[in-house]
Amino acid sequence: MAVRVQTEDFDAGREIERLRHGNPKVGAVASFVGVVRDLNEGDAVSELTLEHYPGMTEKALEEIVAEARSRWDIYDALVIHRVGTMKPADQIVLVVVTSAHRGEAFRACEFLMDYLKTRAPFWKKERTGAGSRWVEARASDEAAADRWS
Amino acid sequence: MAVRVQTEDFDAGREIERLRHGNPKVGAVASFVGVVRDLNEGDAVSELTLEHYPGMTEKALEEIVAEARSRWDIYDALVIHRVGTMKPADQIVLVVVTSAHRGEAFRACEFLMDYLKTRAPFWKKERTGAGSRWVEARASDEAAADRWS
Amino acid sequence: MKPRDTHTAVVRVLYLARLREELGRADEELVLPEGVKDVAGLAAFLRRRGGTWSEALAPGRAVRVAVNQDMARSSTPIREGDEVAFFPPVTGG
Amino acid sequence: MKPRDTHTAVVRVLYLARLREELGRADEELVLPEGVKDVAGLAAFLRRRGGTWSEALAPGRAVRVAVNQDMARSSTPIREGDEVAFFPPVTGG
């Protein structure tokens with residue numbers, strides 16, 4: 001189990017391999033990669049900058065992972081979230097969950113994403129043709145997170 | 001969009017990269033890797049052989065992928081399913097789905113796995129200390145697939 | 001191809017996985033008996049062979065059928081030239 | 001460290017993301033004013049600075065608060081030495 005906040009890119013395939021390595025009881029690996037889109041709210045995005053709250057970020061992610069472990073029968077979970085400046089098509093976030101069966105892996109993976117989106121202190125600022133702007137929180141993300149409570 | 005049935009192993013990370021490559025509208029990539037477990041129904045498993053129905057297999061998988069596309073707003077989907085003889089910790093199946101937002105990607109990915117498990121003509125035979133045996137279909141897999149209808 | 005006599009409509013029948021092992025064969029060409037028009041009729045015909053056939057294809061057994069590589073029901077029609085496959089519930093993924 | 005006078009309880013306050021830009025500062029050390037005991041009290045004190053402070057922290061604005069790096073509520077107590085962060089709803093992932 002690990003959380004990492006980093007400026008560098010990650011290798012999703014290698015992380016998937018590593019998370020299940022050495023545990024022959026793993027039958028299911030669910031994962032999610034979030035990617036910078038070239039369009040948001042109808043405007044072309046040329047650059048995305050992710051700011052966070054150092055110290056709280058890792059703590060919040062670890063609590064979210066611990067919550068997932070308490071809710072589902074999973075073996076391991078990994079969250080990598082990048083910060084700094086990114087371009088469209090760059091990877092932002094990776095969540096990987098291993099378990100014996102797929103139901104738990106899917107549930108926990110989606111839960112981690114939903115909670116991360118609404119509870120971990122990251123903020124996105126995007127550059128469009130009209131300048132830079134902070135991304136607004138989406139009500140649909142709140143609704144997605146509320147499903148789990 | 002593609003389905004592949006093959007004896008060779010696959011590189012999940014590379015397939016994830018490739019599926020989203022060239023489409024800057026992709027914001028979400030959900031994926032699932034199914035792995036041979038060293039234990040089933042309480043018995044140690046030393047080997048797993050996957051048989052299929054050549055011809056029908058590809059057709060069934062393509063229909064399942066088409067169904068996913070008709071239900072969710074996704075950009076692309078990939079299913080790779082291995083056949084032949086495998087060992088514990090070997091990869092069996094890969095499903096990858098790309099979309100603009102994570103909800104659709106997660107839904108479609110889990111749907112593909114649930115339908116594949118109950119509608120694509122694959123059969124598992126496992127070798128345990130007591131000899132070889134065909135794996136029994138699980139009622140929980142039927143129930144999982146029924147959620148979508 | 002020479003025209004077939006209507007009384008010798010041939011279908012190809014496949015037996016897969018555990019069913020192949022139980023029945024001791026993977027496939028056969030079968031002249032559709034008079035009156036066999038659908039999956040239920042073909043299964044009944046095969047059961048009448050007795051022995052492992054009546055056991056493996058017994059109504060209580062979970063047997064799936066595909067006609068021309070599409071999942072079929074008891075009422076799915078069977079016609080000359082069709083490929084009919086019998087197999088256990090699938091266990092892939 | 002020398003003992004602090006109880007009337008000069010100091011907290012560290014952080015402003016993040018859009019809030020940092022609106023307020024023009026990232027952090028400050030603040031002597032807790034008499035009577036300020038929780039998040040609501042601290043926010044009210046900051047609003048009384050007027051100008052962008054009263055706007056950025058207005059009750060209608062979606063502002064989140066963490067105390068010692070845990071998400072907090074209006075009623076979460078604030079004590080000497082605490083780290084209190086004000087920020088907009090998060091948008092990561």
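A quick note: this is a predicted structure, and the numbers were derived from the prediction, not measured.
Using a 4.5 Å cut-off on side-chain heavy atoms (C-beta onward), A/Arg119 and D/Arg64 make no contact. Looking at D/Asp70 and A/Met56, their side chains never come closer than 4.5 Å, going by heavy atoms from C-beta outward.
One finds the NZ atom of A/Lys59 at 7.0 Å from the CG atom of D/Asn68 (value rounded to the nearest 0.5 Å).
Contact between D/Ala17 and A/Trp123 at its shortest, heavy atoms only, is CB-CG, 3.5 Å.
Taking a cutoff of 4.0 Å between a charged side-chain nitrogen and a carboxylate oxygen, A/Glu136 and D/Arg18 qualify as a salt bridge.
Heavy atoms of A/Lys117 lying under 4.5 Å from chain D belong to its backbone as well as its side chain. Contacts of A/Ala60 with chain D are absent, with no heavy-atom separation under 4.5 Å from either backbone or side chain.
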Without placing hydrogens or testing angles, list every side-chain donor-acceptor pair under 3.5 Å for residues 83-93 of chain D, not counting sequence neighbours.
from, atom 1, to, atom 2, distance (Å)
D/Glu83, OE2, A/Tyr53, OH, 2.4
D/Glu83, OE2, D/Gln69, NE2, 3.2
D/Thr91, OG1, A/Lys124, N, 2.8

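Among residues at least two apart or in separate chains, salt bridge (charged side-chain N to carboxylate O under 4.0 Å, His left out) pairs with a member in residues 48-60 of chain D are D/Glu28-D/Arg49.
Other residues, nucleotides and ligands contribute over 12 non-hydrogen atoms within 6.0 Å of the CZ atom of A/Arg4. The 12-atom threshold is exceeded at CZ of D/Arg61, counting heavy atoms of other residues, nucleotides or ligands nearer than 6.0 Å. For A/Arg147, the CZ atom counts as densely surrounded, since its 6.0 Å shell holds more than 12 non-hydrogen atoms of other residues, nucleotides or ligands.
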